[in-house]
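Some notes on the structure that comes next.
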Protein chains: 2
Amino acid sequence: MAVYIQVLENLQRDGKNVISSELLARTCDVNPSQIRKDLAYFGEFGVRGVGYYVQDLITSIKQALGVDRVWKCALVGVGNLGRALLNHREFRLRGFHIVGAFDCDPFKIGEIVSGLEVVCSRRLKEKVDELGIEVGIITTPPERAQRACNYLVDAGIKGILNFAPARIEVPDDVNVEYVDFFHHFYAVAFNVTLALQD
Amino acid sequence: MAVYIQVLENLQRDGKNVISSELLARTCDVNPSQIRKDLAYFGEFGVRGVGYYVQDLITSIKQALGVDRVWKCALVGVGNLGRALLNHREFRLRGFHIVGAFDCDPFKIGEIVSGLEVVCSRRLKEKVDELGIEVGIITTPPERAQRACNYLVDAGIKGILNFAPARIEVPDDVNVEYVDFFHHFYAVAFNVTLALQD
DNA sequence: TGGTGTGAATTAATTCACAGCT
DNA sequence: AGCTGTGAATTAATTCACACCA
């Protein structure tokens with residue numbers, strides 16, 4: 001779905017108003033019926049004989065995914081990666097506002113990063129309640145990921161993005177997404193290695 | 001596979017020498033036979049009645065994936081994200097060495113970022129040959145992704161990581177991996193929205 | 001006429017269950 | 001005795017093919 005949004009937004013930028021599943025499929029490199037199934041799953045967004053209206057489709061998908069609003073996020077772990085994410089303004093553009101930065105290192109607490117004061121991780125619950133935070137972002141080293149996660153879960157957070165290279169345990173009602181771009185590097189390395197062998 | 005490496009490296013750090021598919025499955029949150037199938041696909045890494053030796057398994061998987069060596073990479077697009085990646089030393093640790101930084105903006109060319117001189121994208125072929133680069137990383141804005149891609153393909157690169165939010169067209173023998181962490185943000189938003197509705 | 005939405009057919013992925021080593 | 005490797009059974013995902021509607 002995220003891929004479709006991406007492609008549709010680029011189509012919109014290029015001034016396209018209508019798109020067929022056939023064409024959309026070609027750019028996404030998938031089967032046309034795949035696209036129709038995916039889109040029909042959330043509702044009847046298309047017009048028979050015409051295709052999909054790009055602008056309407058973007059709006060519909062975003063609504064269906066629940067990304068047609070602002071999601072307030074807390075970032076835990078103000079290291080290299082954490083700082084990079086805090087400074088990445090694309091997040092705000094996409095509706096994900098990082099409104100709290102947390103770390104357990106006393107030397108970092110109080111520091112201002114990208115306009116946010118770094119707060120002690122222990123105060124997560126307090127801040128989550130105060131600011132109405134719904135999503136947690138973990139950017140700690142792997143060995144501290146579980147602790148960061150526990151703070152987030154205790155604070156009542158139900159959605160977590162884990163950038164740390166470690167698995168974490170959460171209750172059933174908490175959703176975790178693992179973000180690891182080395183996965184993609186490994187995939188490329190593997191495929192290139194394969195291709196070289198033939 | 002990348003997940004297994006991640007988990008195994010953490011197990012190793014914790015001093016575990018042997019692991020069963022059952023235990024590994026629990027931490028990865030998958031079925032034990034899934035793990036056995038995946039691992040057996042590349043070779044017989046396990047020992048019946050015992051399990052898998054952690055250190056050996058890491059080595060074997062890395063070998064099978066082709067990540068037991070250094071991969072030289074070129075980064076195209078020295079913007080926000082590009083700079084963040086150039087400064088991220090984890091890449092070097094994992095064997096992915098960014099040895100060239102490219103951009104088409106004359107104001108950026110010549111600038112030194114993280115010890116690398118930014119070079120004009122047009123000189124990619126020359127530099128790829130000179131430095132023995134095998135992997136390309138695209139971190140341009142979406143509208144310039146295809147152009148960056150074309151330079152990489154012309155230079156003979158067979159593996160590309162595309163961080164730009166745009167699809168790109170490549171010949172059949174070139175492998176592209178799309179990296180987009182908004183995908184994960186959308187997934188969390190969607191799942192939390194679903195959970196809130198019930 | 002042209003392109004969606006969707007049941008049916010096909011293909012792929014996952015899980016089960018157990019033979020076979022150590 | 002215990003845990004892997006793997007064919008068989010099951011389940012899920014993808015693709016086909018066409019009815020239906022603008």
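Chain naming here is simple, since letters A, B, ... match the order of the sequence lines and numbering starts at 1 in each. All values derive from a computational prediction rather than experimental measurement.
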Residues B:Tyr52, B:Phe45; criterion ring-ring contact (aromatic ring centres under 6.0 Å, His included); working and verdict = CA-CA 7 Å; B:Tyr52 300 90; B:Phe45 298 153; 7.9 Å; no
Steps toward side-chain hydrogen bond (donor to acceptor under 3.5 Å, both in side chains) verdict (A:Gln63, A:Thr59) | CA-CA 6 Å; A:Gln63 212 158 52; A:Thr59 310; over 6 Å; no
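Minimum atom distance to the side chain of B:Lys37 is reached by C:dT15, of the listed D:dT15, D:dG5, C:dT15. Ranking C:dC18, C:dG5, D:dC16 by closeness to the A:Glu44 side chain, first place goes to C:dG5. Nearest nucleotide to the A:Ala40 side chain, out of C:dT4, C:dG5, C:dT15: C:dG5.
At least one donor-acceptor pair under 3.5 Å links the side chain of A:Thr139 to the backbone N or O of A:Gly77. Listed for the A:Gln146 side chain is a donor-acceptor partner under 3.5 Å among the backbone atoms of A:Glu169.
Contacts of A:Ser20 with the nucleic acid, taken as non-hydrogen atoms under 4.0 Å apart, involve only primed sugar atoms and P, OP1 or OP2. Among the heavy atoms of the strands, none lies under 4.0 Å from B:Glu22.
Note: the hydrophobic cluster containing B:Ile160 does not contain A:Phe185 (ILVMFWY, side chain heavy atoms under 4.5 Å, direct or indirect links).
In the helix from C:dT1-D:dA22 to C:dT22-D:dA1, the terminal helix axes, each the rotation mapping four pairs' C1' atoms onto the next four within five end pairs, subtend 20°, rounded to 10°.
Ring geometry, B:Phe42 versus A:Phe190: the interplanar angle exceeds 60°, so the pair is classed perpendicular (tilted spans 30 to 60°). Using cut-offs of 30° and 60° on the angle between ring planes, the pair A:Phe181 and B:Phe91 is parallel.
Distances shown here put every side-chain N or O of B:Ser33 at or beyond 4.0 Å from the OP1 or OP2 atom of C:dT15. Distances shown here put every side-chain N or O of B:Gln34 at or beyond 4.0 Å from the OP1 or OP2 atom of C:dA13.
Per the geometry, CZ belonging to B:Arg36 stands 14 Å off P belonging to C:dA19, to the nearest Å. Between A:Asn31 atom CG and D:dA17 atom P there is a gap of 11 Å when expressed in whole angstrom units. What separates CG of B:Leu24 from C1' of D:dG5 is a distance of 16 Å, to the nearest Å. Nucleotide C:dT6 holds its P atom 14 Å from the CZ atom of A:Phe42, rounded to whole Å. Distance, B:Asp38 CG to D:dT6 P: 13 Å, rounded to whole Å. Whole-Å rounding puts the B:Leu39 CG to D:dT6 C1' distance at 14 Å. The distance from atom CD1 of A:Ile35 to atom C1' of D:dC16 is 16 Å, rounded to the nearest whole Å.
Stacking of B:Arg167 on the aromatic ring of B:Tyr178 is recorded, both the 6.0 Å distance cut-off and the 45° axial limit being met.
In this structure, B:Ile58 and B:Glu9 have side chains that are in contact, with non-hydrogen atoms separated by less than 4.5 Å.
Less than 4.0 Å separates DNA chain D from at least one heavy atom of each of the following residues of residues 45-58 of chain B: B:Phe45, B:Gly46, B:Val47, B:Arg48, B:Gly49, B:Val50, B:Gly51, B:Tyr52.
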